[in-house]
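I have placed the structure first, in the form of structure tokens, so that the comments after it can refer back to it.
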Amino acid sequence: KMEKTTEGVNPFSSFVSRSYVAVRDTSADSVRAAFGEVDFITSEGECAFITKEMAEADVLSKLEALCASGATLLSRIRLL
């Protein structure tokens, strides 16, 4: 019987990557206020951008704050 262990395994919340994010009902200024410098992608009817590298927990807290200010999350893709 194999023993399960998490020794040496980092929690997913510390996983670092860039993210593609698409939102609506917000402005580029609000995105910058939440995420800092991002690379915007031209898109009809939504605000799409790529974040700098950051930990999963940081991305989630920034998305939560952005959505609390009225934005609607349409999609998010982790970029490895």
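Side-chain contact between K52 and D39 is absent, with no heavy-atom pair separated by less than 4.5 Å. Two residues are said to be in side-chain contact when any heavy atoms from C-beta on lie closer than 4.5 Å; V31 and T26 meet this criterion. Residues F15 and L80 form a side-chain contact, since some pair of their non-hydrogen atoms from C-beta on lies under 4.5 Å apart. Looking at heavy atoms from C-beta onward, R18 lies out of side-chain contact with M54 at the 4.5 angstrom threshold.
The shortest heavy-atom contact between S30 and L66 is O-CD1, 3.7 Å.
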Salt bridge (charged side-chain N to carboxylate O under 4.0 Å, His left out) for R76 and E56? Distances and angles first, verdict last. CA-CA 12 Å; R76 175 179 173 225; E56 180 73 9; 2.9 Å; yes
Hey, mind stepping through F40 and R32 against side chain to side chain contact (heavy atoms under 4.5 Å, CB included) and telling me if it holds? CA-CA 10 Å; F40 285 100; R32 282 189 200 98; 3.5 Å; yes
Where do T72 and V23 land on the side chain to side chain contact (heavy atoms under 4.5 Å, CB included) test, with the steps shown first? CA-CA 5 Å; T72 302; V23 292; over 6 Å; no
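Side-chain atoms of S43 do not come within 3.5 Å of backbone N or O of E46 as any donor-acceptor pair.
Here the CG atom belonging to L60 is positioned 10.5 Å from the SG atom belonging to C67, to the nearest 0.5 angstrom. Separating the CG atom in D58 from the OG atom in S13 is a distance of 9.5 Å, to the nearest 0.5 Å. The CZ atom of F35 lies 7.5 Å from the OG atom of S19; values are rounded to the nearest 0.5 Å.
In the hydrophobic clustering, where aliphatic and aromatic side chains (Ile, Leu, Val, Met, Phe, Trp, Tyr) are joined below 4.5 Å either directly or transitively, Y20 groups with I41, I50, I77, L79.
E64 and S61 are not linked by any side-chain donor-acceptor pair at a separation below 3.5 angstrom, with hydrogens and angles left out of the test.
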